[in-house]
Structure formats: C-alpha cells, structure tokens
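To keep things clear, I will list the structure first and then write my remarks on it.
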Amino acid sequence: MVGLTPRVDYLAGFCCPLGGLAAGKPRMLCLGAEIFLSTGSELVYVYDRERGLLTAVYKFPGQVWHLELLALRRALYVLCARRGIYCLSLDQASRSVSQDDGDDKDDGDDGDSEDSQDGEPPSSVIPVDPDACVLPDATLCTFTVLDDVLITLAQGPTQWKMQLFKCPCPGEDPRPRGQIGEVELSTCIPPAGSPREPTAPHFLPVLCCVSPQGSRVLHSHLRGSGGFTLEETLFGLLFGADASLLESPVILCGLPDGHLCCVVLKTLVTSRLAPGDPKALVKILHHLEEPVVFIGALRTELLAEDVEESHSDCLVALGHHGRTLVMKASWDEAGNLVPVLREYCLPGPVLCAACGRGSCMYHSTPSDLCVVDLAWRGTPWDPTQPDGSPGGLPSLLCPTTLNVCSVVTLSVSPRAPEGGAELLALSAKGRLMTCRLDLNSETPCPTRVTAANTGQKIKEFLSGIFTVSERVSSLKKAVDQRNKALTCLNEAMNVSCALLSTEEGPRPISCTTTTSWSRLQLQDMLTATCLLENSSDFSLDQGWALCVQVLTSSRASELDLASSAVTYTIPVDRLGPGSRWEVTLPLGPGEDGVLDLPVTVSCTLFYSLREVVGGALIPSDSFNDPSLDEHSLDVLPEQEGICLPLSKHTVDMLQCLRFPSLATPHMQAPGPLSPASDPVDTFLGACLGPGSELAGPASLQAKYLPPSVAAIKMSVELLRATLGDSHSGVSLCCATLQWLLAENAAVDILRARALSSVQGVAPDGTDVHLIVREVVVTDLCLAGPIQAMEIQVESSSLANMCRAHHAVIGRMQAPPHTLRIREPAS
C-alpha cells in the first residue's frame, strides 16, 4: 500500500464551536444517499449526497451522544445526554420537512442551502417533540439495536448496567414494551458523582452485536446497527459452545477502563426465568489497559474458489492510546483449533476508527488519517483442514498515511467502487468530505492529459495543499505553546535557584510584613501589608502567585493546621527586576470582636505548573483529543506547583498597641476598639435604667483589683551589645523602649519625645503600661551587684499582660540578626 493517495472531495460544512469539534461524540450513519450526522451538539443533520444539500436539521433537548439507524423500520434512534433515547420516524420526518420547505419557499427563505460554517445553524431547524423520548433514563451512556431488541448500557453509582428491552413491531408505538434482561458489569467502576446527577464519563463505552455464521439475524440488521457476522469457528472459540449451539448473537462491550466483555444475548434473556449467578453471564475477553474506543471485524483470509458468501474471520479492538487487539482462529502444534490473540501498537491517541469490507482498518489521530492492512497473503485457509495454512497474523502492523488530518468521526461508505474504498469523514472544522482510495493499484499509471483530468488534478492538488496547510498550522501552534512553556519553566528554575542558593545576606526576592490600624466598614481593623521586592535579574510573570497564610494563636493549637489557617493567594502581575509590589490583608478582629494574638503571617511564592505547562500538554488545536483536557495533566506532580518560602512574621501585642495620648492634635489616633457587647449585659443595663452601672466581672476587676504586673530584668551589658549604635544620643531606658516598640507605628513619636515609659491601649480597649528603668540586682552573682534593665508590664487584663510579657520575651530570645530596628524618619 505504499504510495496510496486518496482523492478528497469536500461535500458540505456544518456549524462547530469556536475551538472546533472534539472527538468522541460526533456520529455519522448512511442510508442510501442520505447521511445522518451529529457533531456532538444537540443538532442532527440530514445531508443528501445526490442533491448536494442539507435536507433537514433536528434539534434534540440535549447533547447527542449516539445514533442508531434501522433501515427496515425507517427509524432513527438518538441518545441524548442525561435525557434518554428518542425515536424519530424518517417517513414522518420527511413529510414534515417537505412541508417546512414549502413554507420557506413561500416566504422566500432558502435556509437549507446555506453552508453553516459561520457557527449558526440553518434556519429550518425542526425541534424534536419531548414525546419522542421512548426510554427516559439519565444514566444511559450508549445503546445498540438488534432486530427486535434494544440493548442499553447505563452508568450506575459503582457499576455499569446492561439492560435489554423488547422493541415494538413496525407501525406500532416505538416505545419499548418492557425490560427482558439485565446484568451488572462488575469489572468497571465509573467516575464518582452525586447519586442525583452522575458525572459524565470522559470516554463513552462501545457496544456492538456479533452473530455467528448462519444465524437467523439478518445481515442487513447487523450492518445497520453497527454489528457484524463472524465465522462459526472463531465465534465458537471466543464465546463458547453455548452461544454457538443457541445461534445467539453476542453483545460485545468495550469499557472506558479497558475491559473487553461479552454477554450472550439469549442466555441473558432466559436468566430472568431461571436466576443464577449474574457474574456467569459476563465473560471478560481481554484487558487493553486503556479506554476502548472501537470494536470491529475484518476478513483477512483469501476465500476458496467454491465459497460464495464471506464473513469476518478477525475481531479487532482498538484502545485510545493506540493499543490494538486482534483475535483470530488458528491451528496449534497439536492440530487443534485455538483462538489467537495478538496485541499491536498503533500511533495514538485514536480519535475514531472504522473497518471496511475487506482487510483494511482506518483510524484517525490528531495529526493524520491512517489505513492498516491485516490481510494474510498466504494460500486460502480452510478451517476444516489442520494441515492447511495456519491463518496467521502479521508480526507488525505498518500504517499507511493518507495525509488527511483532524478527522473526528469516520464511516465506510457503502458506495465503495470495485477494488477500492470510499470513506466519509468529518473534520474538526465541521467539514464533511469523502476520501476515495484505490486499494489495488500500488503505483499510478501515466494517463493521457486531457482538459477534464487536468481540472480534476488541479482540484485534488489544491485540496491537498489545504489539508497540509491545516496540519502545518496546528503543528506550529503546538510548537509555539511548548516553546513558551519551556521559556517560562527556565525562568522559574532561575528564580528557584536564586532563592534556594541564598543562605546568608539579603535575598534576591524578599517579602517584608508590617502592621497598622485602619478603619474598615465602621470598625477598627488590624491590617498586614506585605511588600514583595524583586532585586534579582529575573521577572515574575505568568504562573507566579504570592500566598499569604494567616494563623492565629487559637488555631495554632489545632491538629490540622492546614485546614485551620486562612490562606490568601494573589496572582503576581508581572514583577520585573527592581520592582515592588504591595498587598494589604485584614488580620482581625473577627466577627466576635476578638483578636487572637499572636498572629503568624507566612509569605510564600507559588509557581503553578498547571497554569503554565498545562497549555503545552493540551494543544489548543481544535481537532485534538478532548480527553487530554482531563488526563494529560495527570503527569504533573500532586502539589501542582513549586513553593518557595519567603518570610515568616509574628504579629504580637507590642505591635498592636495604640497610644492615643501620644497623638498630636491635628493627627489624632483612632479610638480603641470597643469590645463586643454581651446581649445579657445589654438587657440588664436597660433594666437598671440610666445612670446605673452594671457590675460585671471585667468592670469589678478594673475598679477594685490591682493591675496585673510582670517584670523582666536584662543585663545592661547584654542589652548594649544587642542595641549597638542605635541608642547613641539617648538614654538606655529610652532606647530599650524604642527597641521593644520598633515594629509599632508609633515608634517615631517615641523617638521624638525620648520616653522611658508609655501607656497604650490593647485591641480590646484595656490599658497596657510599659515602664523601663535601670535597677541593681544584688542577689544573683557572688562577684557583686549587676547593673540590669527592668521592663515592667502592667494591665488590668491578665490576658493582655500575658500577651505583652510573651512579646517582650520573644524580643529577648530572638537572634541579633533578626531584630529589625527601624531607622528614624527623616
């Protein structure tokens, strides 16, 4: 098949979404000159090849997942997602279409003749009556029809369920008469979803019917419903002697988890009369370990001269990623007939596939349409003669490219010429086309140049240019996406190395946190301002985000810190070298009016791999595999990105103190936060009347009990070494108080007034008094008295005194290089 060149003709164009059609849902069936086509939306088109126009468009209430055509009954069965199965009589539909066409002609509107590539459906759209739903079931995923039996496959909460229904006779009500069989396929667990609205599967299962040679089921019924007939030998080897003796059709089911199962139809029907083990009804033929997307049959052996009727002697199952299973009957070394199962690997991912009448199988990938020949080139094989040809399979499958890309659904036309094949294909751009192949000729013979064939050659040449142009455009777009992703990853790697390699000294990218009080929605709010500064030579672009985690003291004791902490994620909008970026976040108090201190604020740089690399793993070209939207990102790590810690800052009581008495008249500090009032206290106060005072625990403690006092002593020599030159020009007591409140917004006022004691207000409104004085400690060292600095904390609230005492201890225990001494304001 080397040098096989198809002749491509474009028939029509259909509306498609902006990104193009996705594989997996479009369907196409043929009945004479009519083509029934679904693009995966709620529309079903009817196109007449002989007349070259669109004759009807039916609009269903949901997305169309599957089509089945019954030629003898002139009926079209349609599966709508989350709706059920609808039955459309083609005779009645044709009459309604002709009437609509007549009305349109009277109005002067010829909507059917328009090419619908603009994204708008034709004007004469026929809505399907809801009464046409013959089997409402929101869990149905696929179905098939065999003579008078309707076989469905439904997605349950934990299992797939196959059900059989009796179809009515022609001319009767199309609704199924009743269920005649049911079995659960326990080999697969569909995606988890809520019981009321199950999640749609990424891949739809595949159903088809297989009948033995000599079965009473008409061959035309099988062809119309996507089924086929197998030779009796292979049928018995695969499905068992019971199926052969009963001459029963077998239902083949390819599941999204890779299982290939079979159920004997007559055995499933009779199981309702004699119940037994349901698992015995289901036989697992193979496991492809990838979603099954196609099941078909081929004739690979040459027929003997005295054989008139031919049936398929080879069963083929194709996986989404290209794994192919071929099953065939052959002789073993002992002279016994055995089934031969052989796996091949074809290019993937597979978007769609189809089998011809001979030995050729056609399958489409995002970049090409290929044909594979499984024919056995030996002598004709007689299954009754053990010493005959072994009916072998090729050791390697070599696909032949047809240079046609972006095909999302495929069908073999019944109008195939002698010695050739004709394919009906739908591209991702919504174009319906035919591909004619001459399978017998290896090398084209030179023909006499005439005006007619010259025009045809020019037409074929232009069609080939257009196909190659589409392919080159899609490949170029994919390459550009990958190059952009690699550039971003290289930049992220440089930033990561710069941050992780800096152990001492200033970091190239830093984040400092400061706190301040502000008025938000008539309430005093403590806010944290995170300043992100980029001193490196790299930019923070797409994919970077600043994550700020806020953890209060009440939540720090909980076991699950990840769930108790509040995390803010803010995308970084391009931070170049030398740039700064500021983010302000609220810290409290909460709805209860309480601010739990201390509060830990952790800043981290986060780089999202899904945001940057995801576009390269999922090419945005329209004809690419839709399942890559969900599955190609599985190669990314579980954390979905890179975390680079920047800083960790603790907000304590000393930073939250406010000093209304120090504020200048023109710059008055905001009043303290009023604590949340207790409803019981409010009620009792109203009962006591005006002028009365409620004697609650807090007020009694403030009036009659002395304040809580804690004192901390620190060596003067150690304190001077810690402060360094920052206390020059002021007394050590003033310098110590400024050091304690270095991260408070009022530190500049303290420097200006040179205070050694100050009275502040805690977030809940209670007073906190800080006093710093020099003392002599005589009972600590035998060598003599020691000069020390005493820091005394007083408050009427024991809790606030403890918080302030904890903050002072934290200042003393912090390493010298972590103490941030704010420079005086200029």
Side-chain angles (χ1 to χ4, degrees), residues 1 4-14 21 23 26-39 44-56 66-72 74 76 90 208 219-229 294-299 310 312 316 318 351-364 368-374 400-428 430-441 456 459-460 463 467:
M1 301 180 68
L4 190 62
T5 303
R7 172 184 170 183
V8 180
D9 294 323
Y10 288 94
L11 301 180
F14 300 92
L21 299 179
R27 295 289 184 267
M28 183 163 47
L29 298 175
C30 299
L31 179 60
E34 291 182 322
I35 300 175
F36 296 84
L37 180 66
S38 167
T39 60
V44 174
Y45 302 89
V46 182
Y47 179 81
D48 193 327
R49 291 188 61 183
E50 293 181 352
R51 300 164 60 188
L53 53 84
L54 196 65
T55 59
H66 193 64
L67 301 176
E68 288 289 349
L69 189 62
L70 274 67
L72 296 181
R74 295 285 298 173
L76 179 67
L90 299 182
C208 65
H219 182 65
S220 60
H221 286 191
L222 289 173
R223 280 292 178 184
S225 63
F228 41 83
T229 302
F294 174 74
I295 300 174
L298 298 169
R299 178 71 195 186
S310 64
S312 301
V316 180
L318 195 58
L351 305 184
C352 59
C355 285
R357 294 182 178 179
S359 58
C360 292
M361 180 180 68
Y362 311 91
H363 75 281
S364 172
D368 212 340
L369 177 62
C370 302
V371 55
V372 179
D373 191 2
L374 280 79
T400 302
T401 177
L402 300 181
N403 295 321
V404 179
C405 68
S406 72
V407 174
V408 294
T409 186
L410 196 62
S411 177
V412 178
S413 172
R415 297 185 172 187
E418 188 68 24
E422 184 183 64
L423 305 178
L424 289 171
L426 180 69
S427 71
R431 296 184 178 92
L432 179 64
M433 52 188 162
T434 60
C435 302
R436 294 182 179 89
L437 307 174
D438 186 3
L439 302 177
N440 293 332
S441 61
Q456 182 62 39
K459 184 178 179 181
E460 294 177 359
S463 176
T467 303

Query raised in the report: Just by distance, do the side chain of Tyr47 and the backbone of Leu11 share a donor-acceptor pair under 3.5 Å?
Result: yes
Query raised in the report: For Phe228 and Ala297, which heavy atoms make the closest approach, and how far apart are they?
Result: CD1-CB, 3.4 Å
Report task. Taking all heavy atoms of Val371 and all of Cys360, pick out the closest pair and write down the distance. Result -> CG2-CB, 3.9 Å
Requested in this report: Determine, step by step, whether Leu76 and Leu31 satisfy the side-chain contact (heavy atoms from CB on, under 4.5 Å) criterion, reporting the C-alpha distance in whole Å, the side-chain angles of both residues, the deciding distance to 0.1 Å, and the verdict.
Outcome: CA-CA 11 Å; Leu76 179 67; Leu31 179 60; over 6 Å; no
Report summary line: The reported gap from CD in Glu34 to CZ in Arg51 (rounded to nearest 0.5 angstrom) is 9.0 Å
**Report entry** Student check: side-chain heavy atoms of Val407 and Leu351 closer than 4.5 Å
**Finding:** no
Query raised in the report: Considering residues at least two apart in sequence or located in another chain, which fulfil the side chain to side chain contact (heavy atoms under 4.5 Å, CB included) criterion with Val412?
Result: Ala354, Tyr362, Leu423
Query - Heavy-atom closest pair, residues Leu69 and Cys30 - result: CD2-O, 3.8 Å
Requested in this report: Just jot down the side-chain hydrogen bond (donor to acceptor under 3.5 Å, both in side chains) partners of Thr39, sequence neighbours excluded, or say none.
Outcome: Ser41
Requested in this report: Measure across Leu298 and Gly356 and return the closest heavy-atom pair with its distance rounded to 0.1 Å.
Outcome: CD2-O, 4.0 Å
Query - Test item: Ser411 side-chain N/O and Leu424 main-chain N/O as donor-acceptor pair under 3.5 Å - result: no
Query - From Leu369 atom CG to Leu402 atom CG, the distance as rounded to the nearest 0.5 Å - result: 4.5 Å
Query raised in the report: Should the pair Phe14 and Tyr45 be assigned to parallel (<30°), tilted (30 to 60°) or perpendicular (>60°) ring geometry?
Result: tilted
**Report entry** Residues in salt bridge (charged side-chain N to carboxylate O under 4.0 Å, His left out) contact with Arg49, at least two apart in sequence or another chain
**Finding:** Glu422
Query - Residues Cys405, Asp368; criterion side-chain contact (heavy atoms from CB on, under 4.5 Å); working and verdict - result: CA-CA 4 Å; Cys405 68; Asp368 212 340; 5.8 Å; no
Query raised in the report: Are any of the side-chain heavy atoms of Val46 and Leu90 separated by less than 4.5 Å?
Result: no
Query - Partner of Met28 by side-chain contact (heavy atoms from CB on, under 4.5 Å), out of Leu432, Leu67, Leu410 - result: Leu432
Query raised in the report: Tell me, do Asp373 and Thr400 make a side-chain contact under 4.5 Å, heavy atoms counted?
Result: no
Query - SG on Cys355 to CZ on Arg299, rounded to 0.5 Å - result: 14.5 Å
